[in-house]
Amino acid sequence: MQDITISDEYIRLGQALKLSGFAESGVDAKVRIENGDVTVNGEVETRRGKKLRDGDVVAMDGNSFTVHSKLADKA
């Protein structure tokens with residue numbers, strides 16, 4: 001499992017897949033999400049614009065990453 005760190009309160013799922021390297025492009029992310037290949041916190045997610053927040057876990061193809069927000073560290 002890897003981590004991605006964001007500086008805002010949230011990141012959209014499509015953006016997170018690109019940032020993590022799970023998708024090569026926005027089109028790739030869109031297709032994988034629409035095909036039901038991606039889970040967020042154990043649930044299949046088909047919305048590319050789903051907002052991910054601190055602690056959310058995204059999985060695809062047996063790999064996963066956790067979202068960490070710098071804002072949560074300050075709270």
Side-chain angles (χ1 to χ4, degrees):
M1 179 184 294
Q2 69 183 62
D3 294 335
I4 63 167
T5 302
I6 58 174
S7 56
D8 294 320
E9 180 182 346
Y10 65 86
I11 186 171
R12 297 193 187 277
L13 179 57
Q15 295 170 322
L17 290 177
K18 291 187 298 182
L19 179 64
S20 67
F22 279 32
E24 293 181 14
S25 66
V27 172
D28 183 33
K30 178 182 177 184
V31 170
R32 298 302 301 269
I33 293 165
E34 288 177 351
N35 286 341
D37 297 335
V38 180
T39 63
V40 176
N41 300 326
E43 305 268 332
V44 173
E45 183 56 65
T46 57
R47 297 172 294 161
R48 182 174 61 174
K50 164 77 173 161
K51 293 178 181 176
L52 304 176
R53 300 178 189 282
D54 188 68
D56 284 340
V57 177
V58 178
M60 185 176 87
D61 296 337
N63 297 308
S64 62
F65 65 84
T66 303
V67 176
H68 292 285
S69 171
K70 289 181 181 178
L71 295 179
D73 294 339
K74 295 178 182 179

For Leu52, does its backbone N or O pair with a side-chain atom of Asp56 as donor and acceptor, under 3.5 Å? no
To check you understand the geometry: which heavy-atom pair defines the closest contact between Ala29 and Leu17, and what is its length? CB-CD1, 4.0 Å
Between Lys50 and Arg12, is there a side-chain heavy-atom distance shorter than 4.5 Å? no
Flag, side chain of Ser69 to backbone of Asp8, donor-acceptor distance under 3.5 Å: yes
Looking only at heavy atoms, what is the nearest atom pair of Ser20 and Phe65, with distance? OG-CE2, 3.4 Å
Which atom names give the shortest non-hydrogen contact between Val57 and Met1, and what distance separates them? CG1-CE, 4.2 Å
With respect to Val58, which candidate in Val40, Thr66, Asn41 satisfies the side-chain contact (heavy atoms from CB on, under 4.5 Å) definition? Val40
Heavy-atom nearest pair, Arg32 first then Asp37, reads NE-OD2, 2.8 Å
Do other residues, nucleotides or ligands put more than 12 heavy atoms under 6.0 Å from the CD atom of Glu43? no
Measuring from Thr5:OG1 to His68:NE2, what's the distance to the nearest 0.5 Å? 6.5 Å
From the list Leu19, Asp3, Ile4, side-chain contact (heavy atoms from CB on, under 4.5 Å) with Val67 holds only for Ile4
Side chain to side chain donor-acceptor pair (under 3.5 Å) against Glu9, all qualifying residues, sequence neighbours excluded: Arg53
Taking every non-hydrogen atom, the tightest pair across Met60 and Val38: SD-CG2, 3.7 Å
